[in-house]
Structure formats: C-alpha cells, structure tokens
Amino acid sequence: DVKVTQSSRYLVKRTGEKVFLECVQDMDHENMFWYRQDPGLGLRLIYFSYDVKMKEKGDIPEGYSVSREKKERFSLILESASTNQTSMYLCASSPGTSGGRKTQYFGPGTRLLVL
Amino acid sequence: AQKVTQAQTEISVVEKEDVTLDCVYETRDTTYYLFWYKQPPSGELVFLIRRNSFDEQNEISGRYSWNFQKSTSSFNFTITASQVVDSAVYFCALSEYNFNKFYFGSGTKLNVKP
C-alpha cells in the first residue's frame with residue numbers, strides 16, 4: 001500500500017515563527033503536492049514538484065516555499081507564519097505518467113494553528 | 001481555465017435513502033481525468049474512482065455509482081441505500097492529462113443519520 005506520512009497531525013505556532021511541514025512517501029512517486037484546505041474553499045494547491053529539486057507554484061504560493069532534496073520527501077516552509085495561514089495542510093503524491101495507479105495519494109493532514 | 005464546481009455544500013439524509021452528489025467541471029482540454037475522493041472525519045482523503053475523458057461509461061461499484069456526461073460536463077456520484085459510515089466530505093477533482101495538476105471542487109459534506 002502507498003503510504004504518505006506527514007510529520008505532525010497538530011501544530012501550534014506563534015506569528016512570525018518559521019514553520020516546517022514535512023511529507024514523506026514510500027512509493028517512489030515522481031510528483032508531490034502541498035494543499036491547504038479551508039472550509040468552503042476545498043483544496044487549494046500551494047506548490048507541487050515533479051522531480052527532485054524541481055518545483056512549481058500552485059494557486060496560492062504567497063508566504064510559502066518548498067524544498068525537495070530527495071525524491072521521497074517534500075517540505076513546506078512558512079517563512080514567517082501569520083494567522084491567516086491557520087489551516088489544514090495536506091500533502092499528496094502521485095506516480096505521474098510513467099506508471100502506477102493514476103491518482104493522488106494523500107497524507108493524514110496537519111492542522112496548523114498560528115496564534 | 002480548469003474549474004470544478006460542487007454546488008451542494010451540505011446534504012443530510014436518513015439511512016437507506018439514495019443520495020446524489022453533483023459535480024460540474026470546466027476545461028478546454030480534450031484529454032483529462034475526473035476523480036472522486038472521500039474525506040472521513042479522520043481527515044485523510046481516500047480515492048474512490050477515476051474516469052478519463054474518452055470513457056463515458058457509467059460505473060457501479062457496490063452501492064456507489066458514477067454518471068459521467070460530457071455533454072453537460074458533469075460527473076455525478078450516487079450512493080444507494082446510504083449508511084452512517086458514508087458520512088464524510090466528498091470531493092470531485094479534475095486533472096490534466098499528465099496528472100501534474102489537480103483541481104478540486106469545494107466539497108460536499110454528507111450527513112447520514114440513523
């Protein structure tokens with residue numbers, strides 16, 4: 001079974017702190033994604049990566065950066081956390097077009113509260 | 001631009017009722033994929049089904065069925081004889097041909113009462 005894990009289920013940070021959210025997948029997937037989920041807005045793509053060291057902005061990249069140094073790991077960084085970044089963060093991975101089941105696999109999510 | 005609309009924000013039914021969740025999409029691509037995911041209270045999205053744009057056959061899996069109609073750009077999901085365990089948020093999504101980007105609807109929260 002594909003497994004996507006996220007470093008924390010719940011996180012509380014203060015405004016201005018630097019926050020790291022880690023995501024690891026164990027199925028050698030090319031693509032990895034970071035979304036945030038807010039009530040009434042569904043899932044909004046922050047960044048995605050289709051290869052190591054490659055990244056592309058999604059729909060709402062402002063205030064975020066990402067890092068993918070290894071294929072299995074995709075990190076989301078909030079350089080200076082703000083209260084409007086309080087949200088549920090979901091990581092996902094997918095095999096791309098080269099093979100494997102053509103869908104995204106999601107981690108359990110991280111609920112971030114910025115005070 | 002790609003867009004997925006789930007007009008039903010929340011639906012409540014009594015157990016054993018049938019319920020249909022609506023999904024309408026917009027895309028200019030000729031090759032694309034449509035998905036449904038379930039998000040139970042635990043939070044993790046679970047894949048339910050994928051359909052490619054060339055396959056308009058309806059699909060049935062147990063109590064679940066999906067109706068894909070390109071003429072109306074819709075991909076609706078029906079649960080027959082609903083159960084309390086079906087209570088969740090359901091998301092419809094659209095992806096480009098290379099699966100690099102996914103576009104999600106805002107979700108429909110289904111409450112199934114005993």
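Atom set for the values below is all heavy atoms of this structure, side chains included, hydrogens, waters and symmetry mates excluded. Each chain gets a letter, A, B and so on, in the order the sequences are listed, and its residues count up from 1.
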- prompt: What heavy-atom pair brings B/Phe47 and A/Thr103 nearest, and what distance separates the two atoms?
  reply: CD1-OG1, 3.0 Å
query: What are the two closest non-hydrogen atoms of A/Gln104 and B/Tyr37, and how far apart are they?
result: N-OH, 3.3 Å
query: Is A/Leu21 reachable from A/Phe33 through a run of hydrophobic residues whose side-chain heavy atoms are each under 4.5 Å from the next?
result: no
- request: Counting only heavy atoms closer than 4.5 Å, note whether B/Ser42 contacts chain A via side chain, backbone, both or neither.
  value: backbone
field: B/Leu45 with A/Tyr89, same ILVMFWY side-chain cluster at under 4.5 Å
entry: no
field: Under 4.5 Å from any heavy atom of chain B - which part of A/Glu56
entry: neither
Heavy-atom proximity to chain A below 4.5 Å, by part of B/Gln6: neither
- prompt: Does the side chain of B/Lys101 reach to within under 4.5 Å of the side chain of A/Tyr50, using non-hydrogen atoms?
  reply: no
- prompt: What's the spacing between B/Phe102 CZ and A/Leu43 CG if we round to 0.5 Å?
  reply: 11.5 Å
message: Are there over 12 heavy-atom neighbours, none belonging to B/Lys70, within less than 6.0 Å of that residue's NZ?
response: yes
task: Return yes when atom CG of A/Leu115 has more than 12 non-hydrogen atoms of other residues, nucleotides or ligands closer than 6.0 Å, and no otherwise.
output: yes
- request: Answer with yes or no whether the hydrophobic clustering places B/Trp36 together with B/Val13; edges join I, L, V, M, F, W, Y residues whose side-chain heavy atoms lie under 4.5 Å apart.
  value: yes
field: Side chain / backbone / both / neither for A/Asp59 at chain B, heavy atoms under 4.5 Å
entry: side chain
field: ILVMFWY network linking A/Tyr47 to A/Leu45, side-chain heavy atoms under 4.5 angstrom
entry: no
query: Just wondering, are more than 12 heavy atoms of other shown residues or ligands nearer than 6.0 Å to CD in B/Gln57?
result: no
- line: So, the part of A/Leu41 with a heavy atom under 4.5 Å from chain B: the answer is backbone
message: Using the rule that Ile, Leu, Val, Met, Phe, Trp and Tyr join whenever any side-chain heavy atoms are under 4.5 Å apart, tell me whether B/Leu48 and B/Tyr25 fall into a single cluster.
response: yes
Residue pair B/Ser106 / A/Gly40: nearest heavy atoms and the distance that separates them: CB-O, 3.6 Å
query: By a 4.5 Å heavy-atom criterion (distance strictly below it), what part of A/Arg111 contacts chain B: side chain, backbone, both, or neither?
result: neither
message: Pair A/Gln37, B/Phe91 - check side-chain contact (heavy atoms from CB on, under 4.5 Å), show working.
response: CA-CA 12 Å; A/Gln37 181 181 6; B/Phe91 289 96; 3.3 Å; yes
